[in-house]
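Input: a single structure, listed below in structure tokens.
Computation of the quantities below employed the complete heavy-atom set of this structure, encompassing side-chain atoms and omitting hydrogens, waters and symmetry-equivalent molecules. Both ligands and their constituent atoms are indexed starting at 1 by order of listing. As the structure is a prediction and not an experimental result, all values here were calculated from the model.
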Amino acid sequence: PGTPYLKVTPSMLKKMTGRKGKDAWTALGGRVYNLTPYLPFHPGGEPELMRCAGRDGTKLFGEIHPWVNYEGMLATSLIGMLVEEGEEAG
Ligand code: HEM
């Protein structure tokens, strides 16, 4: 059995803004990552990285630095898969 990754819906993602004591999550290429541990290390600074917090950052990321290997860099911060609303059960 593999790691029990979460199924994350857009409404769950929307709550993970990095505010109110919650971590900052984003979705990149259909996978959901916790950005909080990486925030202090982002070469573009924390405010830039926080632009994708609580939402799907795929497009924004691709517009800025599509060459960056986020899958490798955030492998230990993988939360789960982005799914449609209602698909999280089971
Ligand atoms: C650099 C923005 C997400 C890794 C930068 C820079 C900006 C930026 C503006 C340029 C900084 C400079 O040259 O002064 C953003 C935004 C993000 C985002 C808006 C939200 C989608 C990420 C993520 C990662 C990442 C998720 C990796 C986990 C990097 C790296 C650089 C960089 C490695 C240096 C790239 C290079 O110089 O080739 N970012 N970033 N960024 N960011 Fe991001």
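Cluster membership for Leu74 and Ile64, using ILVMFWY side-chain heavy atoms within less than 4.5 angstrom, is not shared. Ile79 and Leu82 fall within a single hydrophobic cluster, where Ile, Leu, Val, Met, Phe, Trp and Tyr side chains are chained together by heavy-atom contacts under 4.5 Å. Linking ILVMFWY side-chain heavy atoms closer than 4.5 Å, directly or via other members, places Phe61 and Leu39 in a single hydrophobic cluster. Leu28 and Trp25 end up in different hydrophobic clusters when Ile, Leu, Val, Met, Phe, Trp and Tyr side chains are linked at under 4.5 Å.
On a distance-only criterion, Trp67 and ligand 1 share at least one N/O pair closer than 3.5 Å.
Leu74 CG, 3.4 Å is the protein heavy atom nearest to atom 28 (C) of ligand 1. The protein non-hydrogen atom at the shortest distance from atom 4 (C) of ligand 1 is Tyr38 OH, 3.3 Å.
Inside a 4.0 Å radius of atom 43 (Fe) of ligand 1 there is at least one protein heavy atom. For atom 12 (C) of ligand 1, the protein comes within 4.0 Å by no heavy atom at all. Protein heavy atoms are found less than 4.0 angstrom from atom 38 (O) of ligand 1.
Applying the side chain to side chain donor-acceptor pair (under 3.5 Å) test to residues at least two apart or on different chains, the pairs with a partner in residues 67-83 are Arg31-Glu71. Screening residues 48-62 for side chain to side chain donor-acceptor pair (under 3.5 Å) gives Glu48-Arg51, Asp56-Thr58, Lys59-Glu63 as the qualifying pairs, with residues at least two apart or on separate chains. Sorted by first then second residue, the salt bridge (Lys or Arg N to Asp or Glu O under 4.0 Å) pairs that include residues 34-43, not counting sequence neighbours, number zero.
Smallest separation of non-hydrogen atoms from Ala24 and Met50: CB-SD, 3.9 Å.
A heavy-atom distance below 4.5 Å is not found between the side chains of Leu6 and Val32.
The set of protein atoms (N, O or S) found at less than 2.8 Å from atom 43 (Fe) of ligand 1 reads His42 NE2, His65 NE2, by chain and number.
Of all atoms in ligand 1, listed by their number and element, those nearer than 4.0 Å to a heavy atom of Cys52 are 20 (C), 21 (C).
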